[in-house]
Amino acid sequence: MRSPFGRFLLRRLGLSLLTLWLVSVVVFLGAQVLPGDPGRAVLGPLADARAVAALNREIGADRPPVEIYVSWVGGMLQGDLGQSYAYRAPVAPFVGDAMLKSLKLVGMIFVIVVPLGVGAGVVAALNVGKPIDRIISVASLSLTVIPEFVSAIALILVFAVILRWLPLSASWPAGAGPLTQLEHLILPALPLVIVLFGYIARMARAGTVEALSSDYTRTAVLKGLPWRTVLTRHVLRNALVPTITVIAAQTGYALGGLVVVETLFRYQGIGNLVLSAAKAKDFAMLQAGILAIGAFFIVATLIADCITVMLNPRLRAELGR
Amino acid sequence: MSAAAETTTADGNAAKTPAARKERTTLAILLRSPAFLVGAAIVLFWAFCAAFAPYFVPYDPLADDLLNTLAPPSAEHWFGTDQIGRDVFSRVLVGARDILTIAPLATLLGTTVGTAVGLVMGYFGGWVDAIIGRLIEVLLSLPLIIVALMVLVALGPSTPTVVVVVGLVFTPLVARTVRAAVLSERHLDYVPAAAVRGENALHVMFVEILPNIWPPIIVEATVRLGYAIFTIASLSFLGFGVQPPSPDWGLAIAENYGVLVGGFWWTVVPATVATASLVVGVNLVAEGLQRAVAE
Amino acid sequence: MSRTSTISPDAAEASPALELDDLSVAYTVRGRDLPVLANVSLTIARGEAYGLVGESGSGKSTVALALQRVLPANGRICGGYARVAGKDVAELGAAELRRMRAKDVAMVFQDPGKALNPSLTVGRQMAEVFEILGSSGSEARKRGEEMLGRVRISDPARVMASFPHQLSGGMQQRVVIAMALAKDPALLILDEPTTGLDATIEAEVLDLVDTLRQEFGAAVLFISHNLAAVASLCNRVGVLYAGKLVEEGPARELFSDPRHPYTAGLLRCLPRAGFKGGAALDNIPGFPPPPGSITSGCVFAPRCGLVQDRCRIDEPPLYEVGNGRGSRCHFHDRVDDLPRMSEAPPVNTPERGPEVEPVLKLEHLSKTYTLPGNRKVQALRDVSLTLDPGETLGLVGESGSGKSTLANLVLGLAEHDEGGRIDLDGKPIPADVHARPREAVKAIQIVFQNPDSALNRAHTVKHLIGRAVEKLAGIAGKQRDSRVRHLLEAVRLTPRQLPAKPRQLSGGMKQRVAVARAFAADPRVIVCDEPTSALDVSVQSAILNLLSELQAERQVSYILISHDLGVVRHLSDRIAVMYLGRLMEIGPARSVIEGPHHPYTEALLSAAPTVTGERGARIRLEGQIPSPIDPPSGCVFNTRCPRKFAKICETEEPPFVLDDEGHAIRCHLPREKLGRGRKMEGVAVGEAGA
């Protein structure tokens with residue numbers, strides 16, 4: 001069993017690296033080549049041509065694109081993500097710090113939303129067609145499409161402005177304990193919880209409905225097994241494996257939503273970093289930030305794929321071939 | 001002759017009814033679904049506002065009134081005024097205009113290109129599918145909003161750019177759905193049946209397969225429309241979508257949420273409710289279609 | 001084990017295994033109750049095997065679901081009783097119901113691959129059955145393993161540790177049967193248990209069920225559309241039509257002397273004894289009525305050849321027609337007078353001989369596919385054969401034998417390997433259909449197995465046939481439209497069907513459209529790929545007759561692929577037998593079937609059950625079909641061959657030479673030592689149709 005899985009891991013890892021490389025090309029094209037003349041983009045149309053040229057030289061944009069790319073990738077391999085134009089400092093520490101903060105927020109989000117979403121989906125599936133199913137279905141469907149800034153406004157209004165239960169800002173005072181940190185993170189986490197809840201609940205419901213109507217479930221019922229055993233042993237196991245992939249795919253989505261949420265709640269995470277860099281036209285910072293997000297997503301799907309394969313004997317056997 | 005007997009007893013009414021019934025029921029299911037009706041009503045309301053609101057709103061949505069800023073709701077200004085005294089009620093109704101132009105156009109673009117790409121992937125399979133599939137995976141490993149942001153920073157935000165960028169970021173998603181639909185058709189025998197009379201790939205893709213995968217494409221397009229609204233509103237909120245002085249909702253929220261803590265909720269809440277109602281409305285329509293198609 | 005093979009006296013005294021008393025079941029569809037079963041009464045004694053036959057939509061599977069209370073949410077028992085081992089299932093509480101399912105009744109469904117949980121090992125799923133009955137974990141596993149041994153699985157320990165997808169279809173079905181019999185049920189329900197399995201595997205499963213039934217003393221309810229399979233296994237048979245039990249009686253008598261016109265009609269639809277040009281098939285005109293549409297009189301009246309006014313008014317009761325037999329027909333004593341419902345089609349006899357140029361000549365066709373990892377599979381190896389004008393060549397073999405690959409190569413849907421050659425009317429044609437001239441494309445056409453798949457559901461009949469005419473015959477406009485009308489007439493459809501889409505047509509009509517399309521532009525060769533196996537028996541015969549008729553009219557040649565030896569024998573002039581991508585035998589139909597023939601042919605023939613209830617000398621194949629990736633050395637059949645006699649079988653591929661009759665057998669055994677078949681005409685019991 002071990003060696004096929006090892007081979008799968010190796011292949012999957014190679015694929016991830018390939019994806020990561022392609023992502024770096026895309027990011028490079030988007031952040032470096034597409035703007036055409038970064039110096040001009042930064043300084044604006046009225047700036048002096050000599051100043052533009054000087055700036056381009058300073059940030060290294062006067063070289064051919066391939067050369068810039070090679071030196072960028074070369075630098076990254078040595079842990080150098082480039083120089084920020086806005087801060088006149090290496091980008092890496094900023095990205096690292098922001099990523100760490102965002103991970104705390106993402107962790108918070110998933111701790112809340114996974115049990116909630118899966119639970120609601122399973123409950124809906126067990127009551128197909130009944131009012132509770134309709135309520136969960138319509139709710140998950142509607143909540144999924146509400147932009148984070150819309151629900152965030154509503155949450156701020158209710159919990160921070162009217163009820164004053166939760167702090168408005170996501171940033172905690174320096175040296176705050178974990179509990180205080182948690183308290184500050186709840187409000188920023190909720191808009192994304194709302195969006196992701198729908199995805200996860202719907203996937204869990206669909207998987208469970210399919211498993212419930214399967215022949216093997218009917219076989220289990222006709223064996224005379226108690227319903228609880230049928231459910232836990234035969235239905236849920238098969239039903240929830242696909243949900244794992246969805247959850248992983250949604251981590252990537254969550255990182256996108258962070259741009260909005262972190263801006264709204266003034267939280268110095270990766271989303272905020274990317275947006276500020278975009279506004280400041282700090283291309284080195286922008287591309288490093290985006291690449292970090294891409295890398296995070298790639299790792300998340302990699303882990304999800306491994307879990308899926310481990311839980312699914314059929315896939316596991318196919319690896320052996 | 002026996003066979004003749006089979007047909008004569010069978011055609012006419014008996015043979016026609018199932019299909020006729022099916023067509024009727026698709027519509028009937030839609031009209032009987034309260035969720036779909038509510039959704040359709042909301043969407044129609046905002047579409048109407050987008051088209052005609054400028055002709056009947058009480059105030060010019062762009063006219064400021066610096067003597068009457070942040071006025072609370074009153075008989076004169078139903079939803080109050082914003083930081084530079086513009087009438088919030090008028091702005092909300094007219095604010096539907098930009099989003100309801102950009103989002104459908106972006107959806108159309110994404111659906112068209114995505115359908116073509118998906119057809120090619122599903123039909124040809126093999127290395128064509130593998131290469132495009134890899135590219136799609138790369139694009140999808142970056143959150144849509146980030147890709148859009150990146151390109152908009154580079155090219156500068158403008159309405160056509162937003163349409164193209166959002167349309168193109170949706171292309172891989174549509175392509176993936178269409179590809180899956182094509183794959184489930186691909187193994188049906190009408191595909192080799194077309195080949196044995198010498199049909200070429202274009203004919204098989206567009207004349208044989210495409211008519212059979214309309215339902216999932218339409219459902220996908222409605223779902224995408226909801227997310228287009230979502231994405232464009234978010235971009236506007238971040239400052240990379242619709243540009244001032246448009247009364248666009250996302251923009252209005254971005255401009256005013258700073259004063260929320262001061263208690264001036266009316267500057268933000270109407271646009272929030274409007275955005276939420278529109279996306280939910282579109283989504284209910286999409287869900288209704290999906291159910292009707294599935295039945 | 002303490003269980004004995006005989007039925008204990010008190011069990012025999014006890015209530016019957018199953019008793020249906022006036023059972024009616026309805027499904028609620030859009031607020032309307034549609035009766036699916038109406039007043040069905042039947043009794044299955046302990047240890048008895050009862051076959052329930054009927055075409056699709058007759059309600060036969062509903063019986064199984066109703067008596068275990070697993071009807072779909074919109075279905076309910078709306079009248080009568082179902083008693084399993086004396087217990088009224090409708091009255092049981094949740095716990096009693098569970099106990100009934102755990103002990104008294106077991107069911108085997110059609111698709112064993114789906115009936116097993118994909119993410120649990122077979123061992124886990126086997127053990128469950130015993131745990132419910134109170135065994136501890138390790139004991140349950142031990143008994144599970146024993147049980148697998150009892151269904152003749154040679155390596156139970158390995159199977160216990162396997163996941164379902166690691167087992168072959170036949171093995172999966174054994175596991176399901178083991179799980180069902182493990183609880184020693186009073187009643188075992190088999191719902192189409194062998195549909196989708198290869199003939200040799202089907203025979204194995206049926207044999208197994210037959211043996212185990214006697215070992216365990218369980219009553220069997222065998223639900224099937226396959227009359228022959230039912231005949232071979234069951235003591236008594238009930239015939240279900242449109243939710244009603246129209247005839248019942250001992251299997252042999254019922255099939256040899258049917259007392260209901262529906263049963264008689266069905267039997268006449270079956271291609272049985274005889275070769276091409278022998279007894280013609282009849283058919284049953286019309287369709288089964290939709291549920292609830294017939295409210296007075298006999299449900300079969302609209303399609304019955306004996307119908308009288310009375311039949312449309314009075315519903316016939318179940319008349320006693322002697323010795324435990326019943327028939328719901330007012331005129332059950334006149335069933336022998338049932339007129340033929342269709343004319344016998346003309347039969348084409350192709351000219352043969354050295355002066356006749358074959359329409360199609362295949363030389364050394366091979367097809368190698370490359371799998372990921374650069375592994376090669378030879379799906380077809382060195383096949384050479386000819387096809388004369390107006391001739392039908394039957395192609396038989398189990399799945400994976402290369403039949404479909406051969407068809408695809410002929411059609412140009414796949415390209416044969418270098419070194420092969422396809423000649424059409426004496427001229428070589430390119431391998432790829434897209435490279436072939438139009439003359440060659442239109443000359444070779446196909447009728448697929450399943451018209452639902454082969455007809456594009458987005459297009460109308462007019463477009464479906466019209467496009468083929470346009471593309472193949474190269475004509476358009478008025479001319480095309482009139483050709484389409486001619487074609488429709490030729491397949492007995494009318495212009496009224498032109499604007500219809502496939503889903504508006506019945507299965508038989510759809511297949512007619514597919515046939516019309518294949519004939520769009522004077523084809524020379526038509527590949528018929530299982531042309532009737534997706535159809536009900538009564539529709540099947542009409543399509544077969546149509547094919548015969550068109551052949552006689554147009555001198556077209558058929559390559560007929562079918563797993564149904566009856567169909568092949570009925571239509572073919574010559575038969576080719578394939579195994580693992582090789583031709584094992586080819587020759588005139590009669591020589592191949594009556595022998596001497598290849599041991600594999602012999603096994604295939606002996607696997608096919610007949611309605612007369614006899615399966616010939618039971619030659620059963622051991623083991624599974626080997627993987628084509630790594631075929632056995634020497635004779636590819638040697639790993640399963642019951643006649644393997646020497647080392648040479650493993651080392652040398654046998655020669656393949658045509659004799660004077662045009663008969664070749666790929667076997668090292670000399671002709672005189674090869675097996676012979678039953679003389680077909682001899683045993684033609686119940687040739688009522690002739």
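To find a chain, count down the sequence lines: A is the first, B the second, and so on, and within it residues start at 1. Quantities reported herein were computed from a predicted structural model and do not represent experimental measurements.
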Toward chain C, the part of A/V221 with a non-hydrogen atom under 4.5 Å: both

Over 12 non-hydrogen atoms of neighbours within 6.0 angstrom of OH in C/Y81: no

Nearest-0.5 Å distance that lies between atom OG1 in A/T217 and atom CG in C/N117: 7.0 Å

Donor-acceptor contact present, side-chain C/S119 to main-chain A/N238, <3.5 Å: no

From A/T219 atom OG1 to C/K114 atom NZ, the distance as rounded to the nearest 0.5 Å: 12.0 Å

Residue C/R124 versus chain A: region with a heavy atom under 4.5 Å: side chain

Side chains of C/E131 and A/L225 in contact at under 4.5 Å (non-hydrogen atoms): no

Max heavy-atom pair count under 4.5 Å with chain C, selected residue of A/G129, A/A211, A/P226: A/P226

Proximal component of C/L65, with respect to chain A [non-hydrogen, under 4.5 Å]: side chain

Under 4.5 Å from a heavy atom of chain A, the part of C/I132 involved: side chain

Within 6.0 angstrom of C/K142 NZ, more than 12 heavy atoms from elsewhere: no

Nearest atoms (heavy-atom pairs only) where A/K223 meets C/Q125: NZ-O, 2.9 Å

Atom CD of C/E192: over 12 foreign heavy atoms under 6.0 Å: yes

Gap between atom CE of C/M100 and atom CG of A/L222 - 0.5 Å precision: 8.5 Å

